[in-house]
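Both backbone and side-chain heavy atoms feed into the values below; hydrogens, waters and symmetry mates do not. Residue numbers start from 1 in every chain, and the chains themselves are labelled A, B, ... in the order their sequence lines are given, proteins ahead of strands.
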2 protein chains.
Amino acid sequence: MAPKAKAALSDRSNRRDDVLEAAAALFASKGYAATSIRDIAQQVGILSGSLYYHFASKEELLLEAHARGVAQVTEAVEGALAAAGTPPWERMAAACCAHLEVLLGPSPFSQVITPQFPSHFDGDVRATLLQQREGYEDIFRTLVSALPLPATVSPRLFRLSLLGALNWTPTWYQPGGSESPASIAGGIVDAFRLQLDPGA
Amino acid sequence: MAPKAKAALSDRSNRRDDVLEAAAALFASKGYAATSIRDIAQQVGILSGSLYYHFASKEELLLEAHARGVAQVTEAVEGALAAAGTPPWERMAAACCAHLEVLLGPSPFSQVITPQFPSHFDGDVRATLLQQREGYEDIFRTLVSALPLPATVSPRLFRLSLLGALNWTPTWYQPGGSESPASIAGGIVDAFRLQLDPGA
DNA sequence: TACAAACAACCAATCGCTTGGTAGCCTGAG
DNA sequence: CTCAGGCTACCAAGCGATTGGTTGTTTGTA
């Protein structure tokens, strides 16, 4: 059905972006390996062969979708940090809030990041995925180093635990629920913060 | 179709378990969709068709491997709780330690649990995966409810954050490292515990 | 005309799964 | 002891469908 939904709008919007967005949505919901290029093409309304005019391979689709997802989260977090104050815990809370709002938001790109374990890929793809994430994690490395943590707490383990709690939320979060991503982020940060600042 | 075929045991090495273990190892390292029946059969040293004497389908392989993984973690945690004392935080620490020791240990079954997002599956398979995990999470529901948490902290969000931090460890843990799963679990629990017990 | 963007047809390879057949072992009747 | 018969565990071959990807041609628009 819908032989041509066509028309009027091939306008401003880039068809290549449409393909990338459809790919990201399918990767996020079904996983990379379970998504075929015909699935992606059908979602956009083109044939599988036409897809290769825009992208050289399925791997390129994944890498670019993943990169865009990381870029979106990075942009959101850096924007939140620019608007935040100077207290370290306040900055951390702002970053985690922005992180979760994008991760649990409607963008299909950010949803590609967490479910695709880099360990499921080999060689170049795996290396590229890890490299794309590394720059983003540096933001949190800096944020953690500014916190007044007790000497008994390893900053690295603290960072990994916090990011783990945040990145695990897509497993149980349901968009229709009563809790907003921002309130969830606040609750998670509180669980880690109260240890030094009991007067919340 | 299948009466209790289990009764007659060939005491020698159970070939069916070999297949299941190979399947679990491949599911854990490459993901379910990226693992083919022929991959599994080749790992065991049989042909792909022979595999269907032991298992009816690839889905059955996943479901049984997942169930065995959940059973292993459940057994380890319940054993640790039986040997632990009565203080709520001590019991929680013991459970988390056992949880991580199995999750990061050598068993391929437990490693199937975390990387396979149930959201990547449909219908019966998804429902079964969720059901298998539910019983295990009840243990942590009970443990959290016994903790003297401040009223501002949601027990549900606390539990999900703690499990998120734990279940995220396979993403970054490397077996050769200097930290043991037990010490990692202790560090994670400490990050959540210090809030009420600063004199640790 | 010129070019971007798509179609249509196809490829070799691989997918999950089915089938018919058969060694090797164990059992129990003769 | 023999040996038919059943059972376990597998092999060999192949099914239709689908995979990622390629190629030559056609379309819409400027």
Side-chain angles (χ1 to χ4, degrees), chain A residues 1-24 26-27 30-66 116 120-125, chain B residues 1-24 26-27 30-66 116 120-125:
Chain A
M1 76 184 205
K4 20 186 57 177
K6 133 61 160 233
L9 305 188
S10 71
D11 56 1
R12 279 252 168 254
S13 67
N14 200 344
R15 204 85 169 118
R16 188 187 141 100
D17 282 351
D18 295 344
V19 174
L20 191 59
E21 189 169 331
L26 286 169
F27 291 162
K30 301 172 50 178
Y32 173 75
T35 301
S36 73
I37 60 120
R38 284 172 180 81
D39 289 338
I40 303 169
Q42 187 177 356
Q43 191 84 9
V44 188
I46 61 175
L47 264 53
S48 69
S50 314
L51 197 148
Y52 284 88
Y53 173 79
H54 302 283
F55 296 91
S57 68
K58 188 185 175 187
E59 282 185 353
E60 184 180 307
L61 234 16
L62 171 68
L63 260 30
E64 196 158 329
H66 186 269
Q116 319 294 334
H120 288 174
F121 299 93
D122 301 2
D124 293 340
V125 179
Chain B
M1 304 294 279
K4 302 182 65 176
K6 270 210 154 181
L9 291 183
S10 59
D11 292 338
R12 307 177 309 170
S13 65
N14 199 339
R15 207 83 168 114
R16 189 187 141 99
D17 281 352
D18 295 344
V19 174
L20 191 59
E21 189 170 331
L26 287 169
F27 290 163
K30 300 171 52 178
Y32 173 75
T35 301
S36 73
I37 288 290
R38 288 171 178 81
D39 288 338
I40 302 169
Q42 187 177 1
Q43 192 82 7
V44 187
I46 62 176
L47 264 51
S48 69
S50 313
L51 197 146
Y52 284 86
Y53 172 78
H54 301 284
F55 296 91
S57 68
K58 189 185 175 186
E59 282 185 354
E60 183 179 309
L61 234 15
L62 171 68
L63 260 30
E64 195 157 331
H66 186 269
Q116 320 294 334
H120 288 174
F121 299 94
D122 301 2
D124 294 339
V125 178

If you take all heavy atoms of [X] and [Y], which pair is closest and at what distance?
{"X": "B/I46", "Y": "B/R15", "answer": "CG2-NH2, 3.9 Å"}
{"X": "A/F27", "Y": "A/L61", "answer": "CE1-C, 4.1 Å"}
{"X": "B/T35", "Y": "B/K58", "answer": "O-NZ, 2.7 Å"}

Per-nt protein contacts along nucleotides 6-22 of chain C (heavy atom under 4.0 Å; B base, S backbone sugar-phosphate only, - none) come out as SBB-B----BBBB----
In whole angstroms, the gap separating C1' of C/dA5 from CG of A/N14 amounts to 11 Å
Report the C-alpha separation of A/F55 and A/E64 in whole Å, then their side-chain angles, then the decisive distance to 0.1 Å, and conclude whether the side-chain contact (heavy atoms from CB on, under 4.5 Å) test is met. CA-CA 10 Å; A/F55 296 91; A/E64 196 158 329; 3.9 Å; yes
* To do: Could you please spell out the steps behind the side-chain contact (heavy atoms from CB on, under 4.5 Å) verdict for A/E59 and A/Y32?
  => CA-CA 9 Å; A/E59 282 185 353; A/Y32 173 75; 3.6 Å; yes
